[in-house]
Amino acid sequence: LCLASCGRTPVLPEPDSEDYGKFIAAFYSGLAALQVGDNDRALSGLQTAADIGPGEPAGWANLAVTHLRRSEPELAQERLETAKGLLPDDPRLALLEGEIAARSGQVESAIASYERAIDLDPESTRARYALAQELERAGATDANDRVLEQIDAILAADPDNLVAHLDRLRIAVRDGDTPTAISTLETLAQWSSEWPPAARDPLDAAVQAVQ
């Protein structure tokens, strides 16, 4: 989850100032490093950007991502809290908070954050899929229905989402839901002509097994 920008605030340096140029250079250098997995360089650049422009939430949010990738969830949460203070109702920050909680093993907190992300952005398939994963991990009595609700919502918004179809198939097989398994396999079979044999052959075998 990398944020290119969250919108300029009055706390940022003036656009024609020397500090603004330094902020832009540090921010995008750190962002580029983050995107290629160079976490040390990302941390240096993004921290410099946050020091120069503390009013830009994206700087703090990307610092949170960097610390999370460095397995520093407490520091990640601290940076995220700063970003949330500047932009409290951004669904991307709620999603990131869920990822931090999930990485820390705080399943219920992760679920609550993902649900908030969906409330703020009902079209976020990423938040819905993350929520489905955490619900399965929690193993609550109603988890199965809630997981299926999220998977079905993803497929309603994105009917060609292969990952969601595969998860729908996995759940159907696990639950002995043969009609859903068959219909899902039929949907996958419609796309399989373009797949390599390594993927198409197991699908054909699965269709035969279910039949």
Side-chain angles (χ1 to χ4, degrees), residues 1-7 9 11 27 30-31 33-35 37 39-40 42-43 46-47 49-51 54-158 161 163-164 166-168 170-171 174-175:
L1 180 70
C2 300
L3 284 72
S5 175
C6 288
T9 72
V11 186
F27 178 83
L31 183 63
L34 182 61
Q35 290 174 331
N39 296 327
D40 291 339
L43 181 62
L46 291 168
Q47 186 62 64
D51 291 340
E56 172 54 70
W60 297 106
N62 284 317
L63 270 174
V65 175
T66 305
H67 283 296
L68 187 60
R69 291 185 179 178
R70 288 164 56 93
S71 299
E72 300 166 339
E74 293 183 359
L75 288 174
Q77 186 63 40
E78 289 180 11
R79 304 303 183 262
L80 178 61
E81 290 299 327
T82 303
K84 287 170 57 183
L86 296 165
L87 202 67
D89 294 324
D90 191 292
R92 296 168 297 178
L93 299 185
L95 175 59
L96 177 55
E97 187 165 42
E99 292 178 352
I100 294 171
R103 189 75 64 87
S104 303
Q106 302 172 19
V107 177
E108 294 302 325
S109 295
I111 289 172
S113 295
Y114 291 142
E115 288 176 334
R116 174 166 167 74
I118 293 168
D119 287 341
L120 293 168
D121 180 11
E123 296 182 0
S124 174
T125 56
R126 180 170 179 172
R128 289 189 180 278
Y129 192 73
L131 175 58
Q133 289 181 309
E134 286 305 307
L135 287 169
E136 278 203 292
R137 188 177 303 175
T141 54
D142 62 343
N144 197 52
D145 290 341
R146 295 171 69 188
V147 169
L148 290 175
E149 178 184 353
Q150 299 308 318
I151 297 298
D152 289 343
I154 293 171
L155 290 173
D158 183 10
N161 191 307
V163 173
L166 290 172
D167 257 5
R168 194 69 182 84
R170 175 180 58 81
I171 293 169
R174 184 194 65 193
D175 295 346

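Residue D142 holds its CG atom at 7.0 Å from CG of D145, rounded to the nearest 0.5 Å. Atom-to-atom distance recorded for D90:CG and L96:CG is 10.0 Å, nearest 0.5 angstrom. One finds the CG atom of N39 at 9.5 Å from the CD atom of E72 (value rounded to the nearest 0.5 Å). In this structure, L148 CG and L135 CG are separated by 10.5 Å, a value rounded to the nearest 0.5 Å.
Listed here is the closest heavy atom pair of L46 and L31: CD2-N, 4.1 Å. Here the closest non-hydrogen pair linking I151 and R168 is CG2-CD, 3.8 Å. Here the closest non-hydrogen pair linking A61 and L93 is CB-CD2, 3.7 Å. Considering all non-hydrogen atoms of both residues, W60 and P54 come closest at NE1-O, 3.0 Å. The shortest heavy-atom contact between A132 and V147 is O-CG2, 3.5 Å. Shortest non-hydrogen contact noted between A42 and G30 is CB-O, 3.5 Å.
Every side chain to side chain contact (heavy atoms under 4.5 Å, CB included) that D89 has, sequence neighbours left out, goes to R116, L120. By the side chain to side chain contact (heavy atoms under 4.5 Å, CB included) test, D158 is found to be paired with D160, N161, residues two or more places apart in sequence or in another chain being considered. Checked against side chain to side chain contact (heavy atoms under 4.5 Å, CB included), A117 has the following partners two or more places apart in sequence or in another chain: A94, L95, A127. Partners of E81 by salt bridge (Lys or Arg N to Asp or Glu O under 4.0 Å), not counting sequence neighbours, listed by chain and number: K84. The side-chain hydrogen bond (donor to acceptor under 3.5 Å, both in side chains) check on E136 picks up R170, R174, with sequence neighbours excluded.
Salt bridge absent: R146 and E134 never bring a charged side-chain N and a carboxylate O closer than 4.0 Å.
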- Message: Assess the residue pair R70 and D40 against the criterion (side chain to side chain contact (heavy atoms under 4.5 Å, CB included)); give the C-alpha distance rounded to whole Å, side-chain angles, the decisive distance to 0.1 Å, and a yes or no.
- Response: CA-CA 9 Å; R70 288 164 56 93; D40 291 339; 2.6 Å; yes

- Item | Pair E74-R79, salt bridge (Lys or Arg N to Asp or Glu O under 4.0 Å): steps then yes or no | CA-CA 9 Å; E74 293 183 359; R79 304 303 183 262; over 6 Å; no

- Task: For the pair Y114 and E99, evaluate side chain to side chain contact (heavy atoms under 4.5 Å, CB included) and give the outcome as yes or no after the intermediate values.
- Result: CA-CA 8 Å; Y114 291 142; E99 292 178 352; 3.6 Å; yes

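In this structure, E97 and Q77 have side chains that are in contact, with non-hydrogen atoms separated by less than 4.5 Å. Contact of the D167 side chain with the Y129 side chain is registered, since non-hydrogen atoms from C-beta on lie closer than 4.5 Å. Residues H67 and L43 have side chains in contact (heavy-atom distance under 4.5 Å, counting atoms from C-beta outward).
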Would you mind writing out the side-chain donor-acceptor pairs for residues 102-113 within the sub-3.5 Å range, not counting sequence neighbours?
| residue | atom | partner | partner atom | Å |
| --- | --- | --- | --- | --- |
| R103 | NH1 | L68 | O | 3.2 |
| S104 | OG | I100 | O | 3.0 |
| S113 | OG | S109 | O | 3.2 |

